[in-house]
2 protein chains.
Amino acid sequence: MLSKKTQYAFHALTYLAENHSKGPILISEISQERQISLKFLENILLELKKSGVLGSKKGKGGGYYLIKSADEIPLAKVIRVLDGPIALLPCVSLNYYEKCENCQEEICGLNRVMADVRDNTLKVLENKTLKDILRNR
Amino acid sequence: MLSKKTQYAFHALTYLAENHSKGPILISEISQERQISLKFLENILLELKKSGVLGSKKGKGGGYYLIKSADEIPLAKVIRVLDGPIALLPCVSLNYYEKCENCQEEICGLNRVMADVRDNTLKVLENKTLKDILRNR
DNA sequence: TGTATTCCCTACCTATTTTGTAGACTAATA
DNA sequence: TATTAGTCTACAAAATAGGTAGGGAATACA
């Protein structure tokens with residue numbers, strides 16, 4: 001399941017996309033409009049900024065804004081930033097690979113199937129973007 | 001990611017499948033052969049029994065055994081028993097549906113995409129069975 | 001009938017992760 | 001230089017994961 005963090009991230013990002021024309025948006029505005037704890041949201045937006053999804057501006061007239069257009073941000077990107085691996089096993093993760101304990105990959109039949117699951121999941125999450133989850137359509 | 005519980009479950013189940021001809025298998029034997037904490041494994045096998053995947057027999061000559069053949073146990077079944085929902089959001093779960101907080105389903109664009117992810121994930125997990133992850137092939 | 005065997009059940013414990021909070025600090029702007 | 005608004009560090013409560021302890025109940029067999 002997606003963590004609250006990731007769910008909040010999507011709510012915040014869609015808000016930013018829908019109000020893109022207004023320029024930088026305050027954290028506090030997003031917090032109020034989308035009912036997300038202010039301080040928690042701060043962390044989330046900061047992580048999204050550090051990973052290149054958002055830009056920010058300090059001081060009066062500042063706020064957060066999308067760096068790319070909504071259809072250039074795959075859902076997989078957001079999930080990886082906030083939740084980490086998308087695969088069901090560390091040993092088949094593309095971006096967060098780790099060796100499984102207690103399981104020799106050559107004879108463990110689980111990894112082949114889980115790589116299959118991963119590919120089918122990513123087929124959706126890599127191709128669907130922020131634009132696909134916007135409200136006003 | 002799959003929990004240790006579910007991963008252990010798969011290791012135990014494949015062991016049971018591979019030694020099916022020997023009749024009921026002791027928890028302690030599985031624990032040793034697959035390197036899983038004995039008491040933790042007890043819980044896991046018990047859950048699998050209660051959900052109809054395994055049968056058991058008490059007393060001398062007892063142990064656990066598969067009720068159905070390996071190709072009749074979809075991986076999705078095992079995951080649901082031990083990890084719960086497979087979907088990424090409660091509001092698109094087939095077996096564990098719950099309303100999302102802070103999100104009106106009619107206008108939240110996330111659920112449609114996540115239902116799509118769910119379907120693609122299940123396409124694999126419902127059709128692949130224990131048999132597909134056995135070691136001796 | 002009694003005893004060893006083996007799963008069943010309840011309760012508990014510890015570490016980690018998730019979720020959220022507090023407050024000081026830095027940068028930009030007017 | 002005062003105000004605004006993001007940045008950073010640290011902390012803390014709550015939930016979950018992972019694992020442990022010990023007795024109870026059913027079965028087999030002598």
Side-chain angles (χ1 to χ4, degrees), chain A residues 1-9 11-12 16 22-32 34-51 53-67 79 81-85 88-90 96 98 100-102, chain B residues 1-9 11-12 16 22-32 34-67 79 81-85 88 90 96 98 100-102:
Chain A
M1 299 271 259
L2 297 181
S3 68
K4 292 268 183 195
K5 223 170 176 175
T6 300
Q7 292 180 49
Y8 290 157
H11 287 137
L16 286 175
K22 285 164 57 183
I25 308 281
L26 295 181
I27 306 178
S28 56
E29 180 179 338
I30 306 172
S31 161
Q32 284 182 353
R34 289 290 154 94
Q35 306 275 40
I36 306 170
S37 151
L38 177 67
K39 294 300 270 181
F40 197 31
L41 183 57
E42 274 188 14
N43 300 330
I44 295 169
L45 296 179
L46 199 51
E47 288 190 70
L48 286 169
K49 184 203 165 180
K50 287 181 179 168
S51 58
V53 174
L54 292 180
S56 68
K57 208 184 156 203
K58 291 183 181 177
K60 183 152 193 176
Y64 279 101
Y65 51 89
L66 289 175
I67 285 181
I79 295 177
V81 167
L82 296 154
D83 266 358
L88 293 179
L89 289 179
Y96 297 86
E98 272 180 66
C100 282
E101 333 160 11
N102 307 332
Chain B
M1 300 271 259
L2 297 181
S3 67
K4 292 269 184 194
K5 224 170 175 174
T6 300
Q7 293 181 48
Y8 290 159
H11 287 137
L16 287 174
K22 286 165 57 183
I25 309 281
L26 294 181
I27 306 178
S28 55
E29 179 179 339
I30 306 171
S31 160
Q32 283 181 354
R34 289 290 153 94
Q35 306 275 40
I36 305 169
S37 150
L38 176 67
K39 294 299 272 181
F40 197 31
L41 184 56
E42 272 188 19
N43 300 331
I44 294 169
L45 296 179
L46 199 53
E47 287 190 71
L48 287 168
K49 185 205 165 179
K50 285 180 179 167
S51 58
V53 174
L54 293 179
S56 68
K57 207 184 154 200
K58 290 182 182 177
K60 183 153 195 175
Y64 278 101
Y65 51 89
L66 290 175
I67 284 181
I79 296 177
V81 167
L82 295 155
D83 266 359
L88 293 179
Y96 296 85
E98 271 180 65
C100 283
E101 333 161 11
N102 306 334

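In what follows, every chain begins at residue 1, and chains take the letters A, B, ... in the order their sequences are listed.
- To the nearest angstrom, C1' of D/dT7 lies 15 Å from CD1 of A/Ile44.
- Residue A/Lys39 places a side-chain atom within donor-acceptor reach of the base of C/dG23, judged by atom type and a 3.5 Å distance cut-off alone.
- Rounded to whole angstrom, the span from the CD atom of B/Glu47 across to the C1' atom of D/dG19 amounts to 14 Å.
- Looking at heavy-atom distances under 4.0 Å, A/Leu38 makes no contact with the nucleic acid at all.
- Without hydrogens or angle criteria, B/Glu47 side chain to B/Leu82 main chain gives no donor-acceptor distance under 3.5 Å.
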A/Glu42 and A/Ile27: side-chain contact (heavy atoms from CB on, under 4.5 Å), yes or no, with the steps? CA-CA 7 Å; A/Glu42 274 188 14; A/Ile27 306 178; 3.7 Å; yes
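- Take the nearest nucleotide of DNA chain D for B/Gly59 and for A/Gly59: the residue whose nucleotide is more 5' is A/Gly59.
- Between B/Ser56 and C/dC8 there is a side-chain N or O to OP1 or OP2 distance below 4.0 Å.
- Comparing B/Leu2 and A/Tyr64 by the nucleotide of DNA chain D whose heavy atom lies nearest to each, the residue mapping closer to the 5' end is A/Tyr64.
- Checking C/dT19, D/dT4, D/dG19 against the side-chain heavy atoms of A/Phe40 singles out C/dT19 as nearest.
- Protein atom NZ of A/Lys58 is 7 Å distant from nucleotide atom P of D/dC8, rounded to whole Å.
- Atom NZ in A/Lys4 sits about 12 Å away from atom P in D/dA15, given to the nearest Å.
- Rounded to whole angstrom, the span from the CG atom of B/Asn43 across to the C1' atom of D/dG22 amounts to 13 Å.
- Residue contacts for B/Leu45: at a heavy-atom cut-off of 4.0 Å it reaches no nucleic acid atom on any strand shown.
- Rounded to whole angstrom, the span from the NZ atom of B/Lys50 across to the P atom of C/dC8 amounts to 9 Å.
- Considering only residues two or more places apart in sequence or on other chains, A/Ile25 meets the side-chain contact (heavy atoms from CB on, under 4.5 Å) condition with A/Tyr15, A/Leu16, A/Asn19, A/Lys22, A/Glu29, A/Ile30.
- Contact annotation for A/Ile25: backbone-only contact, meaning every heavy-atom pair under 4.0 Å involves sugar-phosphate atoms and none involves a base.
- In this structure, A/Lys49 places its NZ atom 7 Å from P of D/dC8, rounding to the nearest Å.
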A/Leu46 and A/Tyr64: CA distance, side-chain angles, deciding distance, side-chain contact (heavy atoms from CB on, under 4.5 Å) verdict: CA-CA 9 Å; A/Leu46 199 51; A/Tyr64 279 101; 3.8 Å; yes
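- Judged by closest nucleotide on DNA chain C, B/Ile27 is the one of B/Ile27 and A/Ser37 placed further toward the 5' end.
- Side chain of A/Asp83 to backbone of A/Thr6: no donor-acceptor contact under 3.5 angstrom is found.
- Summarising the geometry, the separation between NZ on B/Lys57 and C1' on D/dC29 is reported as 12 Å, rounded to the nearest angstrom.
- A/Tyr8 has a side-chain polar atom (N or O) that falls below the 4.0 Å cut-off from OP1 or OP2 of C/dG20.
- Residue order along DNA chain C, read from the 5' end via each residue's closest nucleotide, puts B/Gly62 first among B/Gly62 and A/Glu42.
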